Amino acid sequence: MDKIETMKAFSAVVAEGSFVKAAEKLLLSPQLVSKYVAQLEENLQTRLLNRTTRRVTLTEEGRSYFERCNQVLLDIEEMENSLGNLHQKVSGMLSISAPMSFAIHHLGALMVAFQKQYPEVDLNLQLTDKKIDILEDGIDIALRIGKLQDSALIAKKIAPINLVICASPEYLREYGVPIIPSDLQKHRYLRYVYSDNSTIFSQFEQSASALKFRSHFIANNGDLLISAAIEGGGVTIQPSFIAAKAIKEGKLQAILPAYAPEPLGLYAVYTHRKFLAAKVRCFIDFISDYYGDIPYWDSEV
């Protein structure tokens, strides 16, 4: 049985949430889709899906495999699309949605470099931390930070996003350096929230709950919270792409590194299209190679 076909069947079941819908998408029978997934699990000697009469959910091993499987299928599709796009002119308006702080700190140079390579592509960059509907809002590519969610959209991982717990040296001299998470209960917490319950917000909330310390200052912007931390306002949890510069300059000090929250990822999200526009394909290829496995903001600290 073809390994790629079994992977496609598994990915479709996860994305669509059922064997029936996956079969419709793949133009196959539900029985064949079920057979493909069962064969994949047998080959891997691992249960990937929990099946009930009402729903299909991923096991822990299935979630890990789903991300890797999607990446393999995406690489194959990208290779085929790249060959098909060789004869296409790379031009037109490219609409991109991106997180506010990440874009301000790290997208400007990338955008200029991209346009130097593709001068006939016009860029429309829209900054927001909200999770937008790229179809309704007419967005070609959305850059999102978080964990890969089950979705019918394509999500290509661009770079790791590490989170750091930090405070100013002055604050730590006054209140003490936490050695274990329970020490944070006596500290002031500068907390990130966003009203639409975005992925980053959820991850930060989980981190704060796990570390068990109470918020004293709430804001919906990481740059502001970093500024407050530099001024001695308390402890904050922020992505290293915001905090790294201040840590390098000695304005902030990373604490509890062994208890840092689980890393997130920067993803390029776009709709699944058989023939992807050349401008979209070229941007995804460009940004995929730009930051590397260890982004420059992490290597500088």
Side-chain angles (χ1 to χ4, degrees), residues 1-85 131 134-135 141-142 144-162 199 202-203 206 210 261-276 280-281 284-285 287-289 292-294:
M1 188 172 292
D2 187 89
K3 186 67 170 287
I4 299 300
E5 293 303 314
T6 63
M7 293 170 66
K8 286 181 178 179
F10 168 70
S11 181
V13 170
V14 176
E16 300 298 325
S18 79
F19 284 86
V20 173
K21 291 181 179 178
E24 293 174 353
K25 179 180 179 180
L26 298 173
L27 302 179
L28 300 172
S29 69
Q31 292 79 12
L32 184 55
V33 171
S34 180
K35 181 178 179 181
Y36 278 156
V37 173
Q39 183 64 51
L40 182 62
E41 290 179 321
E42 183 178 337
N43 290 340
L44 296 172
Q45 292 294 295
T46 303
R47 177 174 289 279
L48 302 175
L49 298 172
N50 291 317
R51 305 159 175 83
T52 68
T53 55
R54 293 187 176 182
R55 58 184 303 192
V56 176
T57 58
L58 285 165
T59 63
E60 183 178 350
E61 295 81 2
R63 182 169 296 280
S64 176
Y65 186 78
F66 175 61
E67 182 169 352
R68 293 173 179 270
C69 172
N70 259 9
Q71 193 62 60
V72 170
L73 294 175
L74 183 57
D75 288 343
I76 293 172
E77 183 181 358
E78 285 179 342
M79 178 180 64
E80 293 174 345
N81 283 334
S82 295
L83 292 174
N85 285 333
K131 187 177 179 180
I134 64 176
L135 289 175
I141 303 168
R144 292 178 180 167
I145 295 173
K147 285 184 172 294
L148 181 64
Q149 302 295 316
D150 304 349
S151 172
L153 298 173
I154 299 298
K156 179 177 176 63
K157 190 172 183 179
I158 302 302
I161 300 294
N162 293 305
T199 305
S202 299
Q203 180 68 19
Q206 292 169 13
E262 186 179 349
L264 306 175
L266 172 68
Y267 292 90
V269 180
Y270 53 99
T271 57
H272 187 287
R273 290 180 231 167
K274 186 173 183 180
F275 301 109
L276 201 60
V280 176
R281 168 61 46 224
I284 292 169
D285 289 343
I287 194 173
S288 295
D289 297 330
D293 294 332
I294 303 177

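Position 1 is the first residue of the sequence; numbering continues from there. Nothing here was measured: the structure is a model prediction, and the numbers come from that model.
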Student: Output all residues satisfying side-chain hydrogen bond (donor to acceptor under 3.5 Å, both in side chains) with Ser11, sequence neighbours left out; order by chain, then residue number.
Tutor: Asn70

Student: Applying side-chain contact (heavy atoms from CB on, under 4.5 Å), can you list everything that pairs with Glu61, at least two apart in sequence or on another chain?
Tutor: Thr46, Thr59

Student: Which atom pair, heavy atoms only, marks the closest approach of Leu26 to Ala12?
Tutor: CD1-CB, 3.8 Å

Student: Under the 3.5 angstrom rule, does the side chain of Ser288 hit a backbone N or O of Ile284 as a donor-acceptor pair?
Tutor: yes

Student: To the nearest 0.5 Å, what is the distance between CG (Leu48) and OG1 (Thr57)?
Tutor: 11.5 Å

Student: In chain order, what residues pass the side-chain contact (heavy atoms from CB on, under 4.5 Å) check against Ile4, with sequence neighbours excluded?
Tutor: Asp2, Met7, Lys8, Leu73, Ile76

Student: Could you work out, with salt bridge (Lys or Arg N to Asp or Glu O under 4.0 Å) as the rule, every residue matching Arg51, not counting sequence neighbours?
Tutor: Glu41

Student: Restricting to ring pair (Phe, Tyr, Trp, His ring centres under 6.0 Å), what partner residues turn up for Phe19, sequence neighbours left out?
Tutor: none

Student: Just how far is it from atom CG of Asn43 to atom NZ of Lys3, taken to the nearest 0.5 Å?
Tutor: 6.0 Å

Student: Can you measure from OG1 (Thr271) to CD1 (Ile141) and round to the nearest 0.5 angstrom?
Tutor: 9.5 Å

Student: What pair of heavy atoms forms the shortest contact from Ile158 to Tyr267, and how long is it?
Tutor: CG1-C, 4.2 Å

Student: With sequence neighbours excluded, tell me which residues meet side-chain contact (heavy atoms from CB on, under 4.5 Å) with Arg68.
Tutor: Ser64

